[in-house]
Every structure is written in C-alpha cells, then in structure tokens.
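Read through the structure below, which is laid out as structure tokens, and then see the notes.
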Protein chains: 2
Amino acid sequence: MKKYCYDYPRPSLTVDCAVFGYEAGGAVKVLLIERDAEPYAGTWALPGGFVGMDETLDEAARRELEEETGLANIYLEQLYTFSNVHRDPRGRVISTAYYALVSLAGRTPQAASDARSAQWYPLRKLPELAFDHAHILETAVERLRAKVRYKPIGFELLPEKFTLTQLQQLYETVLEQSIDKRNFRKKIIAMDLLKPLDEFRQGANRPAQLYSFDRTKYRQLEQSGFLFEV
Amino acid sequence: MKKYCYDYPRPSLTVDCAVFGYEAGGAVKVLLIERDAEPYAGTWALPGGFVGMDETLDEAARRELEEETGLANIYLEQLYTFSNVHRDPRGRVISTAYYALVSLAGRTPQAASDARSAQWYPLRKLPELAFDHAHILETAVERLRAKVRYKPIGFELLPEKFTLTQLQQLYETVLEQSIDKRNFRKKIIAMDLLKPLDEFRQGANRPAQLYSFDRTKYRQLEQSGFLFEV
DNA sequence: TATGTTAGTGTCGTATTAACACTAAGCGGC
DNA sequence: GCCGCTTAGTGTTAATACGACACTAACATA
C-alpha cells in the first residue's frame with residue numbers, strides 16, 4: 001500500500017559519497033561498501049542512499065556515510081548532481097554526489113545498514129562498481145586533483161604533529177607526481193602556515209623537525225581566496 | 001485525485017537558471033522572470049521549474065529556460081544543488097541551479113508559460129527575488145568570476161568580428177576590475193587564439209583592427225586544460 | 001668507527017608579471 | 001587646413017616567481 005501520493009510523478013533523490021583516504025606512504029584509497037540489497041546486491045558501490053524529507057543533502061550524505069560505514073565527522077563537499085535517466089534500474093533516481101579526502105588513521109569502516117561489508121580500496125585496484133559509480137568516482141578524482149592545486153590540504157590528513165617530508169608525501173600521493181624537496185619547503189614555509197614545534201621526531205636517522213598547522217592563519221588565507229600552486 | 005504514489009515520501013526536484021547577459025559597454029545583466037503563479041506570484045525569480053521524468057537536469061534546465069523566456073541554444077553549466085529544507089513554501093523542493101554567460105545581442109526574452117514577464121536586470125539593480133534565488137545568484141556570480149579567470153570567454157559574447165578593446169571591456173566588465181591595455185593585448189595575442197582580419201572598424205576615431213576567434217585553436221587549448229590568467 | 005638512511009639547506013638562470021607613456025589615425029569644429 | 005579630441009596601438013624595464021640542481025648534518029646500526 002503506497003501511502004505518499006502526488007499530482008505529478010517525482011524522481012527519487014539519493015546522495016553518494018566518494019571518500020578518499022590517505023595514509024602516509026600508501027596509495028590513495030576509496031571507501032566502498034558491498035551492497036546487501038537489490039539492485040546490485042553483492043556489488044561494490046559508493047556509500048549513499050535516499051534523502052529524507054527533513055534533511056539537507058549535506059545532512060543526508062553525512063548520515064548515509066555514517067550508517068553504512070560507521071565513519072562520522074567527515075567534511076563532505078558537494079561534487080555534482082548526476083541525472084542520467086537510466087542510471088538506476090529501479091527507475092528514475094537522481095543522485096547528488098559528495099566527496100572528501102581524509103586520513104585513514106583510525107578510520108576503520110564498519111559495515112551496517114544495507115552494507116554487507118565496507119572497506120578501503122586502493123584507487124588503482126577498484127572492483128566493478130554498481131550504478132554509474134565508476135563515473136562519479138572519476139569526476140571526484142578530477143575535482144580532488146584540481147582542488148588540491150589551489151587549496152592547501154593537510155588538516156585531517158596528517159597527525160597533529162608532522163614533518164615536512166610527511167606533508168610533501170601527501171601532496172605527491174594525491175597529485176601522483178614527485179615534487180622537488182627544496183622548492184616544496186621554500187613554498188610551504190613562505191606561506192607562513194606552519195608552526196615549527198620544539199620537538200623532533202626520533203627514529204632511525206636524523207631527527208626531523210615537527211610542525212603543526214596554524215589554524216588561525218589557515219582561515220585567514222581561506223577567506224581571501226588565495227591560490228596555492230605546488 | 002493524486003495519481004502518483006510511492007512507498008516513501010519524495011522531495012520535488014526543480015532546476016533554476018542564472019543566465020548572465022553581456023553587452024558591449026554595459027553592465028552585466030541577469031535574466032529574470034516575473035512569476036505568474038503562486039507562490040511568489042508577481043515576484044521576480046530565476047527562470048526554472050520542475051524536472052520531468054524522462055529528461056536529465058541539463059535538459060530540464062534548457063527546456064524551462066526556453067519555455068519561460070523564449071531563449072534557446074544557451075549552454076548551461078551545472079552550478080550547485082540547493083537543498084535547504086525550507087527554501088520553498090510549497091514543501092520540500094530541492095533545486096539544481098545552472099548558470100551561463102551569453103551575449104545580450106538578439107536575445108530579447110519573451111515571457112510565456114508561467115512567467116508573467118521576462119527581462120534582463122542589471123546585476124547591480126536587482127529587485128527582491130523569490131525563494132532563495134538571491135543566494136543562488138550570489139553563488140553563480142562567484143563561480144562565474146572564478147571560472148573566467150582560467151577559462152577564456154569570448155565566443156558568444158562578442159559579435160563575430162570584434163576589436164581587442166571590445167574583448168578587454170568584456171573582461172573588465174565581468175571581473176569588475178580594470179586591466180592594463182598593453183599587458184592584456186600581449187597576453188591575448190600570445191595565446192594565438194585570435195585571427196586578425198583584413199578589416200578595420202570605422203568610426204569616429206582611429207580605425208581598430210578587427211579580429212575573430214580561431215575555433216580550432218580554442219578547442220585544442222580547451223582539451224589540454226590550460227590556464228588563463230588575466 | 002664506518003655505513004646507510006633520512007633531514008635539511010642556497011643559488012642561479014629563466015620565465016612571468018606589473019607598471020608605465022607616447023605616437024597614430026580618424027573626426028569635427030573653427 | 002589646422003587644432004583638439006578621442007580611441008588604437010605599441011616596448012621596455014624592474015621585480016618577482018619558478019624550476020633545476022648537490023652537498024652536508026644527524027642519527028642508528030653493524
């Protein structure tokens with residue numbers, strides 16, 4: 001018994017989340033779930049689901065992400081709304097995609113809701129994806145790369161205290177290109193965004209200076225719409 | 001009698017178009033319609049309307065724009081999907097906004113459908129707008145400015161044959177800042193995007209060299225994702 | 001104490017950018 | 001016909017930003 005009736009037909013609305021995970025030294029990963037329900041049961045897909053009547057798309061994206069993978073407090077940014085007429089075999093479903101880049105550290109997904117399992121997949125070794133999610137993911141990767149080139153990243157993606165080498169590796173991983181060490185340091189230091197700490201990271205070799213982000217300066221820069229080219 | 005029934009409630013989906021118009025020497029204008037139907041009857045708004053079941057959002061945006069204003073063949077680009085829960089008094093309505101920048105020349109809107117009237121409004125002298133359309137417009141202006149800084153504009157916005165001064169004025173108008181004449185010419189010429197013609201524009205003063213766009217080169221550059229800073 | 005590994009640092013040539021002022025060509029009025 | 005007004009058109013220079021490039025420092029371990 002269908003209870004919700006309208007004068008005109010309405011498409012369904014979903015959200016999908018392309019969450020990229022970064023881990024020092026590793027490749028970029030993507031958070032995927034194995035679908036438990038039809039259609040595409042048993043197939044891997046981006047976390048996502050239907051939008052509720054009393055939540056914004058942002059809220060829906062965050063909620064679905066947490067429901068299906070257990071990951072909360074991830075800042076998602078709207079990517080694009082995909083509206084191909086036949087993108088979903090259930091009928092007319094329009095989906096607004098979100099994306100994010102987060103640190104893998106401490107973020108182990110736990111499948112729940114209609115996800116049979118949930119895990120990080122290396123971006124270069126993806127399984128077959130449900131719906132048009134491969135296409136969504138492509139779009140998200142493009143956007144992520146484009147964005148990283150003019151907005152600094154780092155918050156969230158590194159431990160509270162980190163070395164310049166770690167920061168450089170982050171950029172090299174996301175951009176998939178190597179960067180000159182001296183030039184990178186020059187530029188980052190010139191931005192005056194990092195606070196050198198009194199600590200050093202001990203280890204097998206020469207101890208590395210630890211830095212932390214200066215969030216105040218970060219926000220100032222953010223508002224003035226600055227450019228940041230690596 | 002409501003004929004379309006579903007197991008779960010569904011939001012309505014609309015599209016809205018922020019179409020900016022440029023005219024040599026004038027300020028940037030925005031295409032608005034005066035709503036004929038409730039809610040907001042008599043108030044000015046962005047052209048737009050409900051999405052059909054067998055059309056993509058892009059198609060819906062183009063269709064609504066033509067229905068309400070008579071303007072066709074405008075290349076719209078997706079801007080953002082606005083989903084505030086109370087953005088529409090009729091209930092839950094989510095709207096995907098599109099934007100475009102076109103030449104005013106020969107584009108006189110003709111109201112139809114549920115638009116009582118349709119006209120170009122100077123961006124600096126806007127009336128009160130319906131729904132959250134003022135907010136959508138703000139977002140569109142930001143995006144337009146950002147985009148113009150790295151993608152060349154000009155096609156569509158100038159007559160087939162134009163002078164470098166006209167092209168410069170276009171940039172100055174859209175960016176709302178003045179540009180050094182010599183530097184601008186140097187840069188534009190260096191891009192090798194313009195064909196100097198054998199003609200000059202006659203008028204009251206020194207005749208100006210006429211140029212036209214070299215569309216082949218434009219497409220080449222477009223594909224290589226080039227940057228273009230003015 | 002010798003070796004291996006990562007941290008850290010400066011210069012220079014080149015390319016890009018911004019600032020800046022005068023001459024050229026046509027028109028209209030006198 | 002010449003003077004004045006208006007718009008078109010043109011190069012140089014100084015400052016800055018960028019990319020390329022190689023060695024020394026510090027520590028751990030064998």
Side-chain angles (χ1 to χ4, degrees), chain A residues 23-26 148-152 154 158-159 161-173 175-212 221 224-230, chain B residues 23-26 148-150 152 154 158-159 161-173 175-212 221 224 226-230:
Chain A
E23 177 180 45
V148 161
R149 287 181 181 281
Y150 68 92
K151 283 273 191 191
L158 292 174
K161 302 166 180 183
F162 53 89
T163 68
L164 291 185
T165 303
Q166 285 178 296
L167 185 59
Q168 179 172 350
Q169 277 170 357
L170 165 57
Y171 272 92
E172 289 180 333
T173 306
L175 293 175
E176 285 194 321
Q177 66 177 42
S178 54
I179 303 172
D180 179 86
K181 182 161 53 153
R182 278 172 291 192
N183 293 337
F184 180 79
R185 283 164 186 247
K186 243 182 297 175
K187 211 166 225 173
I188 292 287
I189 299 292
M191 297 191 69
D192 200 26
L193 203 71
L194 301 182
K195 274 204 301 259
L197 305 175
D198 289 334
E199 303 170 61
F200 288 80
R201 193 177 51 169
Q202 306 298 331
N205 311 307
R206 174 172 175 174
Q209 170 80 245
L210 286 171
Y211 290 82
S212 70
L221 284 174
S224 60
F226 65 108
L227 289 184
F228 176 76
E229 305 255 341
V230 181
Chain B
E23 177 181 47
V148 161
R149 287 181 180 282
Y150 67 93
L158 291 174
K161 303 167 181 182
F162 54 88
T163 67
L164 290 185
T165 302
Q166 285 179 295
L167 185 59
Q168 179 171 351
Q169 279 170 355
L170 164 58
Y171 273 92
E172 289 180 333
T173 306
L175 293 175
E176 283 195 322
Q177 66 177 40
S178 55
I179 304 170
D180 180 86
K181 182 163 51 156
R182 277 172 292 190
N183 292 338
F184 180 80
R185 282 163 187 248
K186 245 183 293 176
K187 210 166 225 170
I188 292 286
I189 299 292
M191 298 190 69
D192 200 27
L193 203 73
L194 301 182
K195 276 204 300 260
L197 305 175
D198 288 335
E199 302 170 59
F200 289 80
R201 193 176 52 169
Q202 305 299 331
N205 312 307
R206 175 173 175 173
Q209 171 80 245
L210 285 170
Y211 291 82
S212 70
L221 284 175
S224 60
F226 65 108
L227 290 183
F228 176 75
E229 305 255 341
V230 180

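A note on names: the letters A, B, ... follow the listed sequences, proteins ahead of strands, and every chain is numbered from 1.
- Side-chain contact check for Y211(B) versus L158(B): every heavy-atom pair is 4.5 Å or farther apart.
- Here dA7(C) presents its P atom at 15 Å from CD1 of I188(A), a figure rounded to the nearest Å.
- Put simply, CG on L210(B) is 11 Å from P on dA8(D), counting in whole angstrom units.
- Listed nucleotides dA19(C), dT10(D), dG8(C) differ in distance to R185(B); the shortest reach to its side chain belongs to dT10(D).
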Is there a side-chain contact (heavy atoms from CB on, under 4.5 Å) between T165(A) and R185(A)? Walk through the geometry before answering.
CA-CA 9 Å; T165(A) 303; R185(A) 283 164 186 247; 3.3 Å; yes
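- Checking dA8(D), dA18(C), dA7(C) against every side-chain atom of K181(A), the shortest atom distance belongs to dA7(C).
- As a whole-Å value, the separation of E199(B) CD from dA8(D) C1' is 17 Å.
- Comparing atom distances between the N205(A) side chain and each of dA8(D), dT12(D), dT5(C) picks out dT5(C) as nearest.
- For Q168(A) and dT6(C), the CD to C1' distance is 12 Å, given to the nearest whole Å.
- Listed nucleotides: dA20(D), dA26(D), dC18(D). Nearest to the side chain of K187(A): dC18(D).
- The 5' end of DNA chain C is approached more closely, in terms of each residue's nearest nucleotide, by F200(A) than by the other of F200(A) and R206(B).
- The side chain of T165(B) places no N or O atom within less than 4.0 Å of a non-bridging phosphate oxygen (OP1 or OP2) of dT7(D).
- Not one N or O on the side chain of Q209(B) forms a donor-acceptor pair closer than 3.5 Å with the backbone of P196(B).
- The structure places CZ of F162(B) at 13.0 Å from CD of Q168(B), a figure rounded to the nearest 0.5 Å.
- Contact of K186(A) with dT11(C) (side chain to base): a donor-acceptor pair of N or O atoms is detected under 3.5 Å.
- Closest heavy-atom contact between Q166(A) and T163(A): OE1-N, 2.9 Å.
- In this structure, CG of L167(A) is placed 15 Å from C1' of dG8(C), rounded to the nearest angstrom.
- The distance from atom CD of Q209(B) to atom P of dG26(C) is 13 Å, rounded to the nearest whole Å.
- For the pair D180(B) and R201(B), both in contact range of DNA chain D, the more 5′-proximal nearest nucleotide belongs to R201(B).
- Rounded to an integer number of Å, the gap from CD of Q166(A) to C1' of dA7(C) is 13 Å.
- Rounded to a whole Å, the CG atom of N183(A) is 11 Å from the C1' atom of dT11(C).
- The side chain of R182(A) sits closest to dC21(D) out of dG11(D), dC21(D), dT11(C).
- Taking only side-chain atoms of A204(B), from C-beta outward, the nucleotide of dG8(C), dG19(D), dC27(C) with the closest atom is dC27(C).
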